[in-house]
Amino acid sequence: MTSTVDPVVAADPAAPVALSRRRRYGRGPLGTVLPPLIFGVGGLLLWEATVVLGRVAPFILPAPSAIGREFGGNFAVIWQAGLASGANALVGLLAGAVVGILAAMLAGRFRFLGEVSVPVAAALNALPIIALAPILNNMFESTSSIPRRLVVAIVVFFPVFVNTSRGLRLVDPTHRELMDSYAVRGWTFTRLVRLPGALPFVFTGLRQASSLAVIAAVVAEYFGGLQDGLGSRITSAAALTAYPRAWAFVVGACVLGLVFYLVALGLERLATPWRARRPG
């Protein structure tokens, strides 16, 4: 009795696992994109119908069609405001991430710093942006972007620090024994073993921080300073009762946050390719 062998399975021994997972979960490019697309379009249609048929006032909830028209008509302004907010979010994200990673390395290297740093990080995380942004704006010139970037860096610091610290603590015993056999200690051990092993945790923190960076940058713009970002455009449009236009700037902020998240996800895939290839 003869049996046919799938040429894909014959070429790749790992193919049966991938094929079984694909058949079980229906995960292909279409299976990944189609469900959220259907859900999103259905939600927008329901929103439109609720506003139009229910005669909801535009200052309570504008219709998606009105927001879309404002988005298209003000695309150049939204683009420029998005670049300004994105620059503040990017600088603050990089600064907060670098400080968070370095602080986690120091906390993992010295026990005293590890015991002290966690409460300090928790206190920074508890600082409300609404209270922090006006204080920092008063400390610098009205034309300076430093206050907004400091707000972003403070918000970003906590998730990066916590996730990196956790990753640095989880060391494979086999790797530790190997480094002990070579008498590798201190910063060399951190650089060769701890930090590479903690990369998945670092990027988890960066993915969390990427969206938080945009939120912090936009909210910080509500409290004075340069009127060139998405946050200041939202407040000015709402003050003029141009609510569809305000929502259009909110959509721009959502798109900006999504771009930051996708870039962080792409960098994670590039830096940790073994996680994408790992079955299961």
Side-chain angles (χ1 to χ4, degrees), residues 6 8-9 12 14-79 81-83 85-86 89 93 159 200 203-219 230-231 233-234 237-238 242-273 275-280:
D6 192 331
V8 176
V9 175
D12 185 3
V17 177
L19 288 173
S20 64
R21 291 180 65 197
R22 198 175 297 122
R23 294 191 187 108
R24 185 184 305 172
Y25 300 107
R27 284 296 186 183
L30 188 61
T32 302
V33 175
L34 194 58
L37 182 62
I38 294 175
F39 182 81
V41 172
L44 289 176
L45 292 176
L46 179 62
W47 181 355
E48 183 78 21
T50 301
V51 173
V52 174
L53 299 179
R55 299 182 180 275
V56 179
F59 66 87
I60 297 177
L61 185 65
S65 57
I67 297 172
R69 288 192 296 270
E70 289 291 336
F71 187 89
N74 295 276
F75 181 78
V77 180
I78 295 173
W79 175 265
L83 290 179
S85 297
L93 175 63
F203 279 103
T204 298
L206 287 176
R207 279 191 283 110
Q208 296 172 358
S210 60
S211 300
L212 292 175
V214 175
I215 295 173
V218 172
V219 172
L230 290 170
R233 301 287 182 175
I234 293 171
Y243 297 107
R245 193 194 317 159
W247 275 87
F249 285 110
V250 171
V251 172
C254 293
V255 172
L256 182 62
L258 183 61
V259 169
F260 268 62
Y261 179 83
L262 291 177
V263 170
L265 184 61
L267 292 175
E268 180 182 11
R269 296 289 177 86
L270 291 175
T272 58
R275 300 188 72 194
R277 295 195 300 263
R278 185 174 57 193

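Interatomic distance, CG of L212 versus CG of L206, reported as 11.5 Å (0.5 Å rounding). The CG atom of L44 sits 10.0 Å away from atom CZ of F39, with the distance rounded to the nearest 0.5 Å. Interatomic distance, OG of S210 versus CZ of F203, reported as 11.5 Å (0.5 Å rounding). Put simply, CG on L265 and CG on L270 are 10.0 Å apart, with the number rounded to the nearest 0.5 Å. Note that the CD atom of Q208 and the OH atom of Y261 stand 9.0 Å from one another [nearest 0.5 Å].
Here the closest non-hydrogen pair linking F260 and L93 is CD2-CD2, 4.1 Å. The two residues E268 and P200 have their closest heavy-atom pair at OE2-O, 4.4 Å. Among all heavy-atom pairs drawn from A89 and A213, the shortest one is CB-O, 3.7 Å. Across V214 and A253, no two heavy atoms sit closer than the pair CG1-O, 3.8 Å.
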Side chain to side chain contact (heavy atoms under 4.5 Å, CB included) between Y243 and I60: does it pass, once the steps are laid out? CA-CA 8 Å; Y243 297 107; I60 297 177; over 6 Å; no
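At least one side-chain heavy atom of V77 sits less than 4.5 Å from a side-chain heavy atom of F249.
Side-chain N or O atoms of S85 include none that pairs as donor or acceptor with a backbone N or O of G82 at under 3.5 Å.
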Contacts table for residues 46-53: side-chain donor-acceptor under 3.5 angstrom, sequence neighbours left out:
unit_1: W47; atom_1: NE1; unit_2: P62; atom_2: O; d: 3.1
unit_1: E48; atom_1: OE1; unit_2: S65; atom_2: N; d: 3.0
unit_1: E48; atom_1: OE1; unit_2: S65; atom_2: OG; d: 3.3
unit_1: E48; atom_1: OE2; unit_2: S65; atom_2: OG; d: 2.9
unit_1: T50; atom_1: OG1; unit_2: L46; atom_2: O; d: 2.7

